[in-house]
Amino acid sequence: MVLNAREEILARLKSAPPASVAGRPELPPAREMALDAGQLAARFEEQLAAQGGIAMHAADETALLAKLEEILRQESVSRAMAATDAVLAPLALESWGQQVGIEIVTPSAFSDRDGYTRAVFDQVQAGITGADFAVAESGTLVLVHDELQPRLVSLAPLVHIAVVPRARIVPTYEAAILSLFDGRRPSQVTLITGPSMTADIQATPFKGMHGPQKLFVLLLG
Amino acid sequence: MKVTTDRFRQTALEELANARTQKFLQILPLRLSARRQEAYGSFSDPEAAHRLGQAIRGEALARLPELLETFERNALANGAKIFWAADSQAANRYIADLARSKGARYVTKGKSMITEELGLNDHLAQCGISAWETDLGEFIAQLLEKPPFHIVGPAINIPVEQIRDIFLEKGVLDQPTLDPVTLGRAARRFLRDKFRDLQMGITGVNIAVAETGTVINVENEGNIRFNKSAPKTLVCVMSLEKVVPTLADALHQLRVLCRSATGQAAGAYISLDSGPKKADETDGPEELHIVILDNGRSAIYQNRHTREALRCIRCGACLNACPVYGKVGGYPYGWAYSGPMGQVLTPALRGLAETGDLIRACTLCHRCKTICPAGIDHPGLLLHYRNKDVQADPLLQGRGADPRERLAHRLFALAGSRYTYWRIFSKVLSRAARLFGKGAMLRGLGPLGRGWFLSRDLPAPAKKSFHERWRQRKD
Ligand code: SF4
């Protein structure tokens with residue numbers, strides 16, 4: 001029965017009169033391709049701001065941690081969950097949190113999925129993640145989810161803080177995404193452009209519908 | 001959802017008299033059109049980008065069977081499970097059985113027109129499983145049992161008072177309020193509880209990528225991401241035409257889709273899923289089921305004209321461009337798909353028997369065709385449907401022409417076959433016109449042609465015909 005449906009559908013599609021494939025128009029390179037590193041960062045910030053995200057610069061790790069503390073205090077965060085991806089791992093946020101008096105938990109601290117889910121939904125006020133790329137053309141963060149980058153950390157808490165090395169700002173989606181699928185298949189890749197938003201009631205826009213109400217992007221370097 | 005495509009006229013008249021509908025229609029489509037226009041400006045060559053998007057859809061359709069097989073192969077290799085559903089019953093049964101086998105008492109859904117097409121919520125309810133819409137607009141529309149008003153804002157026209165009342169009634173809200181943000185927060189809290197304990201999530205699919213076996217969703221609220229991340233079982237339902245050849249194609253289609261739908265360079269969240277979570281990942285689905293839905297599409301695909309309707313990427317740009325949608329809004333179209341998008345899709349999927357008014361509610365102004373990022377020729381397709389309808393086409397369940405109309409056409413042809421007949425005919429007609437005409441316009445011919453004149457009028461014929469004047473002039 002299951003097989004039949006498949007075969008029948010495909011047979012019907014294959015028996016249809018063929019159509020020719022028309023040529024594709026030549027597309028001039030995206031405007032972002034002509035930008036230098038500084039201009040790319042500016043374009044990223046401008047596009048992110050258009051969607052309600054906030055970008056900040058930090059020259060080095062010390063400056064970054066100072067900014068992070070400032071944001072967490074300003075948002076009254078007493079407990080945050082941090083991913084342990086390649087960008088965040090060197091920052092050792094758990095022990096840093098102990099020093100500054102803000103509790104930072106990591107997903108690996110939970111022995112089971114339920115405990116983690118409860119924590120990320122209900123027990124933390126912010127999620128901190130690295131990002132694999134920042135795309136200038138639309139002000140978009142690219143997160144590759146794996147064992148070090150769980151999906152809900154950037155989604156369930158009301159505040160999302162993402163750290164991106166400046167060298168990871170690329171002009172277009174292609175520059176970020178095609179390489180991620182070269183020879184591998186990340187189970188999930190998420191493109192994030194601004195906080196969660198809606199305008200579904202009377203066209204009144206507001207942020208934080210289901211996901212974060214605020215998105216901070218810390219550009220490192 | 002009840003299908004009311006056969007009540008197009010009545011519903012349209014109601015909506016024309018509804019002040020609130022009219023108020024929203026004066027703002028929303030114009031605003032979205034302007035934003036789209038501006039967003040296209042960020043392309044290095046907007047016209048070429050538009051045509052590339054159309055070419056991708058054209059190629060996707062031309063290569064459809066081959067691309068579906070490639071997609072299936074790659075999705076299976078990624079560890080996804082594939083179910084081919086011949087029709088909505090098969091898809092609904094599969095999803096309900098799956099929910100039951102997972103012990104899910106309820107499921108949540110991301111906004112998807114495809115599950116509205118399936119009537120999935122009703123089917124699950126019959127099986128004792130409640131299905132919660134989680135897009136705010138869809139959630140409100142679901143509680144009120146209304147079809148989507150606009151694909152981008154399904155409940156945008158609903159007065160806050162009505163939202164407050166239904167939220168209080170359904171236990172979403174404890175304290176009455178008319179503040180849209182407070183109402184939104186209440187929905188957030190209510191649905192968050194559902195997400196936290198979720199067993200199974202259901203989403204549609206915006207784009208499926210053949211070369212990587214990836215399914216892609218676009219959204220602004222984050223509810224789809226919750227559906228894809230929180231539960232252990234995820235079902236993604238895709239109509240079979242969603243597949244494109246390559247990841248690069250998908251990236252370009254995302255650009256035109258987001259710009260066409262909301263005027264954004266990118267929706268807040270775009271998620272690309274290739275298979276279930278890996279064993280060492282903390283969250284994400286342990287099982288990813290992809291339902292590939294036919295539901296009449298492989299039959300439509302046989303015909304070169306009707307096939308064109310399958311290009312649609314559901315951006316909603318044509319709604320905003322359409323002068324008819326701009327007056328009557330989404331309800332008259334009577335099903336999941338409204339505006340020009342609905343006018344080309346609904347007859348193809350449900351036949352012409354109950355969609356006769358849909359295919360005629362068009363002035364053939366061509367604005368939808370010009371704006372469509374998928375390259376659909378809506379007016380051409382509507383003329384094709386009208387033709388099939390009067391020809392009583394069996395495949396599309398055409399109804400055949402009204403006998404009175406057929407008689408009128410036959411008489412007209414006869415009158416035109418000889419000059420003497422024509423002279424008599426035009427004399428009689430201009431008499432009748434003077435008898436029934438009001439001032440400079442002819443708005444009816446008494447009992448004759450009642451249906452014809454319902455939405456048409458003509459300038460009243462001149463007292464003397466051209467031929468009469470010509471003859472006098474020569475004398
Ligand atoms: S028909 Fe074209 S413009 Fe209308 S929703 Fe579909 S893709 Fe968009």
Side-chain angles (χ1 to χ4, degrees), chain A residues 2 5-6 8-10 12-14 16-17 19-22 24-31 47 51 107 113 116-117 121 137-140 145-147 150-152 155 173-174 177-178 181 185-204 206 209-211, chain B residues 28 44-45 48-49 51-52 55 58-59 62 64-65 78 84-86 90 136-137 153 155-156 160 163 180-181 183-184 188 191-192 196 212 220-223 225-226 229-230 247-248 251 264-266 268-278 280-284 294 298-299 301-302 304:
Chain A
V2 173
R6 175 186 187 274
E8 274 172 25
I9 293 168
L10 284 171
R12 253 196 311 273
L13 291 176
K14 284 177 186 169
S20 55
V21 175
R24 295 181 174 199
E26 233 5 272
L27 212 54
R31 294 198 180 132
Q47 289 289 74
Q51 290 253 106
R113 184 169 172 170
Y116 154 79
T117 305
F121 267 93
E137 69 163 291
S138 52
T140 300
H145 298 290
D146 56 21
E147 72 275 21
R151 305 164 190 218
L152 290 167
L155 180 63
Y173 298 140
E174 281 79 357
I177 310 250
L178 297 184
F181 282 78
R185 291 283 179 278
S187 55
Q188 191 182 53
V189 175
T190 306
L191 312 190
I192 299 176
T193 313
S196 155
M197 55 187 122
T198 190
D200 272 352
I201 299 182
Q202 300 275 293
T204 310
F206 64 90
M209 178 53 223
H210 288 288
Chain B
L28 187 71
S44 52
D45 181 343
R51 278 187 294 118
L52 178 58
E59 182 171 338
L64 187 57
N78 293 340
W84 296 75
L136 178 60
I156 202 150
V160 263
I163 299 173
V181 181
L183 288 167
R188 175 185 164 110
L191 292 169
R192 203 174 167 81
R196 193 194 311 96
T212 58
N220 271 318
E221 293 185 2
N223 58 313
R225 281 185 71 202
F226 272 113
S229 308
L247 195 53
L251 295 178
Q264 292 167 294
Y269 301 119
I270 298 172
S271 42
L272 300 82
D273 286 60
S274 313
K277 83 181 193 65
K278 308 242 157 65
D280 54 6
E281 285 183 63
T282 312
D283 51 16
D294 182 352
S298 60
Y301 190 74
Q302 304 301 314
R304 266 190 221 176

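Throughout, protein chains are lettered first and strands after them, A, B, ... in sequence-line order, and every chain is numbered starting at 1.
Contacts between A:Tyr116 and chain B at a heavy-atom distance below 4.5 Å involve the side chain alone, from C-beta outward. Looking at A:Ala203, both its backbone and its side chain come within 4.5 Å of chain B, counting heavy atoms on both sides. For a residue to count as touching a neighbouring chain, one of its non-hydrogen atoms must lie under 4.5 Å from one of that chain's; by this rule A:Glu26 touches chain B with the backbone only. When heavy atoms are compared at a cutoff of 4.5 Å, A:Pro17 approaches chain B by way of both its backbone and its side chain. Contacts between B:Ile156 and chain A at a heavy-atom distance below 4.5 Å involve backbone atoms as well as side-chain atoms. B:Arg196 touches chain A through backbone and side chain together, each having a heavy atom under 4.5 Å away.
By number of non-hydrogen pairs under 4.5 angstrom with chain B, the leading residue of A:Pro25, A:Gly211, A:Ser138, A:Ala19 is A:Pro25. Of all the listed residues (A:Ser196, A:Pro29, A:Ala199), the one sharing the greatest number of non-hydrogen pairs under 4.5 Å with chain B is A:Ser196. If you tally non-hydrogen atom pairs under 4.5 Å between each of B:Leu247, B:Leu136, B:Val181 and chain A, the highest count goes to B:Leu136. Ranking B:Ala86, B:Ala299, B:Gly284, B:Ala248 against chain A, the residue ahead of the rest is B:Gly284, based on heavy-atom pairs under 4.5 Å. Interface check for chain B: of the options A:Asp146, A:Thr117, A:Ile177, the most heavy-atom pairs under 4.5 Å are formed by A:Asp146. The candidate with the highest count of non-hydrogen atom pairs below 4.5 Å against chain A, out of B:Gly153, B:Ala49, B:Ala266, B:Gly222, is B:Ala266. Most heavy-atom pairs under 4.5 Å with chain A, from the set B:Asn78, B:Ile163, B:Asp294, B:Val160: that is B:Asp294. Annotation: maximal heavy-atom pairing with chain A below 4.5 Å, among B:Pro276, B:Ala55, B:Gly137, B:Ser274, occurs at B:Ser274. For the options A:Gln51, A:Glu137, A:Gln202, A:Lys14, heavy-atom pairs under 4.5 Å to chain B are most numerous at A:Gln202.
With 3.5 Å as the limit, one finds a donor-acceptor pair spanning the side chains of B:Ser298 and A:Arg12.
Taking both residues in full, the closest heavy atoms of A:Leu27 and B:Asp45 are given as CD1-O, 4.4 Å, listed atom of the first, atom of the second, then distance. Closest of all the heavy-atom pairs between A:Gln188 and B:Ser271 is NE2-CB, 3.9 Å. Of all non-hydrogen atoms in B:Pro65 and A:Leu10, the two that sit nearest each other are O-CD2, 4.0 Å. Smallest separation of non-hydrogen atoms from A:Pro107 and B:Thr282: CB-OG1, 4.4 Å. Scanning all heavy atoms of the two residues, the minimum distance from A:Tyr173 to B:Ala265 falls at OH-O, 3.7 Å. Across every non-hydrogen atom of B:Pro180 and A:Phe206, the tightest pair is O-CE2, 4.0 Å.
Looking at B:Asp283, its side chain never comes within 3.5 Å of a backbone N or O of A:Pro150 through a donor-acceptor pair. No donor-acceptor distance shorter than 3.5 angstrom exists from the side chain of B:Tyr269 to the backbone of A:Thr190, with no hydrogens or angles considered. Judged by distance alone, with hydrogens and angles left aside, the side-chain atoms of A:Glu174 form no donor-acceptor pair with the main-chain N or O of B:Leu251 at under 3.5 Å. Side chain of B:Arg225 to main chain of A:Leu152: no donor-acceptor pair is present (N/O by atom type, distance under 3.5 Å, no hydrogens or angles). Between the B:Ser44 side chain and the A:Pro28 main chain, a donor and an acceptor come within less than 3.5 Å of each other.
Rounded to the nearest 0.5 Å, atoms CZ (A:Arg113) and CD (B:Glu281) are 9.5 Å apart. The CZ atom of A:Arg151 sits 8.5 Å away from the NZ atom of B:Lys277 when rounded to the nearest 0.5 Å. For the atom pair CZ (B:Arg192) and NE2 (A:His210), the distance works out to 10.5 Å, reported to the nearest 0.5 Å. The CG atom of B:Leu64 lies 5.0 Å from the CG atom of A:Leu13; values are rounded to the nearest 0.5 Å. A distance of 12.5 Å separates CG in B:Leu183 from CG in A:Asp200, rounded to the nearest 0.5 Å. If you take CG on B:Leu272 and NE2 on A:His145, they are separated by 10.0 Å, rounding to the nearest 0.5 Å.
Every residue two or more places apart in sequence or in another chain that forms a ring pair (Phe, Tyr, Trp, His ring centres under 6.0 Å) with A:Phe121 is listed here: B:Phe226.
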